[in-house]
Amino acid sequence: MRALVWPFVERHIRRHLPSGSHLAVLGDLEEDFLKQHHRQGRARAEVWLLRESLSLSSAYRFPSPARPSRRNLMERLGFDEARLALRRLLKQPGASIASVITLACGLAAAAATYSVLSAVLLSPLPVKAPEELHVVGVESRSRDGSLRPAGYSHVYPLLATVRDSGAFAQTAAGGRMPLLVGEGERPQSRSVYFASHDFFDTLGVSLAFGSGFRQENDVRGAAPVAVLSDRYWRLHLGADPEVVGRTITVAGVPATIVGVAPKTFRGLSLTEAPDLYMPLHTLVALVDPNMNYFMDGTSRSSPSSWLTIVGRLKPGDSAEQAASQLTAAMSNVPFGGPVVLTDINTASLPEAGREGMRRFGTLLATTVGLLLLIGSLTVGMLLLIRTEARRDEFAMCLALGASRRGLAAGVAVEGVLLAAAGVLLSIPLSSSLFAGASAFQLPGGVALDLLNLSTSTATLLAAGLAALGSSLLIGIVAGAYGVSANIADVLRSRAGATPRLARRRMRLFLVTAQVAVTLVLLAGAGLFARSLSAALRLNPGFDPRQVVMGNIDLRPYGYTPTQADEFFTGLQSRLRAHPAIESASMTVWAGGMSSRGLLTIDGERRSFPSLVSYMHIDEHYFETMGLRIVRGRDFTTDDGPSAPPVIIVSESFGRMLANGADPLGHVVAESFRRIGQPAAVVRIVGVVPDVVTSVAVLEPLVIYYSLAQRDAALGRGIVLRAAGDPAFATREAMAAIRAIDPLVTPAPMDTMLHRIELQMGPQTLGVTVLGALSVIAVLLTVLGTYVLAETMAAARQREMGIRAALGATRRQLGDLVLRETATLVGVGLLAGLGLAWLGAGTIRAFLFQVEPLDAITLASASALILTLALAVSLRPAVRAGRAELSKLLREE
Amino acid sequence: MITSAPLGEFEVVVLMAVLHGAEGAYGSAIRDDIEERTGRPVSRGAVYITLDRLEEKGLLSSRMGGATAERGGRPKRVFRATATGLKAVQHSVNVMARMYKGLEPIVGKG
C-alpha cells in the first residue's frame, strides 16, 4: 500500500538528502510506513510519514551537532531580522499604522481603478476576436441635404439587407425592451434583449450552461424561450443549477429558460445590462401591438428603429471594404444610407461618454498615482526618521565592525514589512471600495454596479509587488543614509554641534513633496465639490429635495384608456388626500422636437439650439413643483378639451421665441400633425421659470400643454411634493398605487435632487475619492511637518539655548521654528500650484461652472494646509522658546 | 579515513546497535533497536547522519542488499562494524569503565 503523501515525500527526500542514500532511506520509510499503518491506521500513518520526512530533511539541511533550535532555524531562514524589524516598528505603532493604512488605501485604489478602466476601456466586451466585430451605423440626410451623424438603431428590414449583402461572415441583431418579468407574486420591470438566434454564436460567446435558442425558436408565433444573464440568475433565481427547463413569466407570457449567459457577458453596451435574452421574433407576442417593430405594411403605425446590427468581418477583409459593400447594398433601400462601421468595443460606450471616459480614466489614474506617491513618501519619511534616530547606534555598530550591508538590510526589511502589511490590508479594502462605488456612475452613464467588478488577484498582486519593490528601494536608500553615519560625526553632535543641513535635505524634500501632492488632492476635491454644489443649485426657484418624480406605464397590465383614466384619477385623489404628500400632479411627456427640426412661430419657421420638450400637465403641476407663474396665467378649468388650445412656456423658450420681448400672445404651430388635419396652432398664455433636469441643458426649452386638452394616455408621470421626509412620501405613494392595483409596479421614484446628483456621477465620485484621499494626505502632511519641527527643535536645543543666553526672546526663538515650517510648506505649496497648473487640462472636462485654477479653491486649500502645519508646529516652537543654556549644560 | 578523535555518546550507541544487528543492521532496524534498548525516541535523521559519519571515520562499512516488496523493491543499506569500529567501541567502554571505577558507592546511592 502506497501512502497518499508519497509523491511529496519522495520529491522532498530526493531534493534534500545526499543522492547516494535516497534509495535506502526511501525503502526504510516505505517499510516503516506499512508498520505504522498496521499499528495506527492510515490517516495517522500518513501524518507520521510526512513528519518523518520533514524532520529527516531538516536534519540533513542543518547538520549541526545538536538539533537546531527553533531560534536558530529562524535565524537561518532570515526571520530573525524580520522579528527585530517588527519589534522596532511596533515601538512606534502610530507612525507604522499610518504608513500601512496609506499604502493599503493607495494599493486598493490602484487595483480598483485598474479593474474599472480595464472593464470600461481596455477590454470592455468578453467576445471572441473583438477586432473583427463591428456595429453598423447608417448616416441619413437632413432636409437641407447635409449628412447627419450615423444612427445605430435600425428598422427591421435593414437586417436582411445587411445579411444579403454578404459583407460579413456572420451577422446578428438585437434590441432592448423594458418588460415586466414575473418573479413570484409581483412582476418587476426588467431589461429584455431580443436577439437573433445567432447572436451568441456571432459574438463567440458560449453560454455558461444550457443550449440557448435555435433558429426554430426565433420565428413569429414560436413558444417564448429565454436565456438569463448571470446576474439575474444569481440575484433572482438563487443561482439554481437546475434552472434550465423552468419557466419565467415575461409580460404575462410564460417563457422556458434555455440557458444562462456567462458571468462576464453584459450585452453589447456598458450602459445597459440586459437581464434576459429572448429570440428576436418572439418580441411580437410580448410588447405593445401598436408599435410597428417589424415594419409591417399592414400596421397603421410608423416603423420603429430599434435594432442594433452587428457583424463579424470575413477573414482578410477590412472594415472599410465591408462598409463600402454595405453602402452599395443600402443605396436604394428605405432607411438606408452611407454605412459607418464602429468596432464593437468602441460602440459599447455611448458616443457622448467616450471622450469623457478616457479623460476620467486619466484623472482617476493620476489621483491613484498621487495617493501611492503619498503612501511611499510616508513610508520613506517613517524609515528616514527612524534611521535618523538610530544613526548613533549604526555608527557605534560600524565602529565595532558590523557590516554596512547587514545594517542597511535591517532597515530595508522594515520597509518590506510595512509594504506587506499594506498589501494584506488592501485586499478587504478593495472589496469594500467596489461595494461603495457601485452607487456611482461613470461618464456616459456607465453604472459601476452593472460592471460586476471584482479585483483580480493578478492586479492586486502586481500592485502589491510594485509597492513591495518601491518600499524596499526606499528602505535601502534610508538604510544607506543611516549607515553612512560615522562615529566622528556622532561624537561631534554629542558635543553639541547642530546637525548639518545635508542630513535634513532628504526629509525636507519628502515633506515638501507631501505638501505639494496634498494641495493638488485637496484643491481637486474642492473643485469637484464646487461643481457639484453649482449643479445642485441649478433650480433656485424651488426646492428640488422635496420634489419626487416617477412614471407609471399601464400598458403591460392590459389597461384600456378608460380604465387607465380611472386608475390615474383614483391615484390622484388618494395622493392628494395623504398627509405625507403636500401636493401631487400628473404629467405626460410627449417627446419633443430635436434641434434639427423646425417650429413655426407666428407663421415663421425657426429652429432652436436644443431639444424643445412637450409636457402635458394638469392644473396642480406648477403648485407641486413650487413654480410661480412669472408672466401671464396658469391653466384653468376653462382650458378644457373644447376650448382653444393654449400653452405655457419656460422662461428660456419664451426669451428665445420672442427675442427677449414678451412671449405672451405669440402663436406656435406644432411640428407634428394628425393625418388629414392641419397642424394645431397654440397660443402662449403664461411663462414659468426654467426647471433644469439635465446638467447638459442649462436653458431648457419646454412647452407645457394642459393635460385636459390632450388624449388620454396609458402612461403618466407622477410629481409629488413631500410634506416631510421625501423617502416616506415615496413609500406612501407606492402603497397607494398597490392599493388600487397590486400588480402595478412602477419604476422606482426619486427626488429631483437625486436625479441631478446621478448625472453628476463623475463629480460625486471625484468629491468622494479626492475628499477621502485629501483627508489622509492632509493628516500625513501635518504629521510629517510636526515630526520635522519636533526633531529639529530637539536637535537644535543647544543652539536655541545659546541664542537665549545671547538675549533672544522666547517669541524670537519660537518664530524661528515657525518660520522654518512656513518656508517649507510655502515651497511645497508653490510646487503644488505648479502641479495643479499641469493637471488643469485633465480636470477641466469634469468641472461644472468652475475653472480648474479657481483662485478661491486654491487659496482656501493652501491656507488650510499652511494653518494646520503652523498649528502643529506651535508645540515645538514653544519648546524652543523655553530653551535655557544653563539647564541644558546641567543636564549634560 | 581512520580517526583518533574520541566518539560521542550517540556514536557509541549507534555502533553498538549495529553490532547487535549482526549481519542485518540497516537504518530502520538500528533506530528501532536503539529506541527499544534506551527507551527514548530517536530521530531518524540523527541515526542516518551518525551512520554516515561513522562510515566516513572508517568505523562502519555498508553494502546494498535485501530489496523486498514491502520496501517498494528498494534495497537496504546494511551496515557492519569494521575492526577499527570494534576497537573504538572497546575503547569507549573501557574509558567509561575506568571513569566509573570508584564511583560505585556514590552512583549506587544515587
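A quick note: this is a predicted structure, and the numbers were derived from the prediction, not measured. Excluded from the calculations below are hydrogen atoms, water molecules and symmetry mates; all remaining heavy atoms, backbone and side chain alike, are included. A note on names: the letters A, B, ... follow the listed sequences, proteins ahead of strands, and every chain is numbered from 1.
One finds the NZ atom of A/K35 at 13.0 Å from the CD atom of A/Q40 (value rounded to the nearest 0.5 Å). Once rounded to the nearest 0.5 Å, the distance linking NE2 of A/H16 with NE2 of A/H22 reads 10.0 Å. A distance of 10.5 Å separates CD of B/E9 from OG of B/S92, quoted to the nearest 0.5 Å. In this structure, A/R11 CZ and A/S53 OG are separated by 11.0 Å, a value rounded to the nearest 0.5 Å. A distance of 10.5 Å separates CG of A/L425 from CD1 of A/I97, quoted to the nearest 0.5 Å.
Taking 4.5 Å as the heavy-atom cut-off, the residues of residues 24-33 of chain B that approach chain A are B/Y26, B/G27, B/S28, B/R31, B/D32, ordered by number.
Counting non-hydrogen atoms of neighbouring residues, nucleotides and ligands closer than 6.0 angstrom, the CD atom of B/E70 reaches no more than 12 such neighbours.
Ranked by heavy-atom pairs under 4.5 Å with chain A, the first of B/R74, B/R77, B/K76 is B/R74.
For A/L34, the part lying near chain B is the side chain, with the backbone staying farther off; criterion is any non-hydrogen pair under 4.5 Å.
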B/E55/B/S62 under side chain to side chain donor-acceptor pair (under 3.5 Å): CA gap, chis, key distance, verdict:
CA-CA 8 Å; B/E55 190 173 23; B/S62 69; 2.8 Å; yes

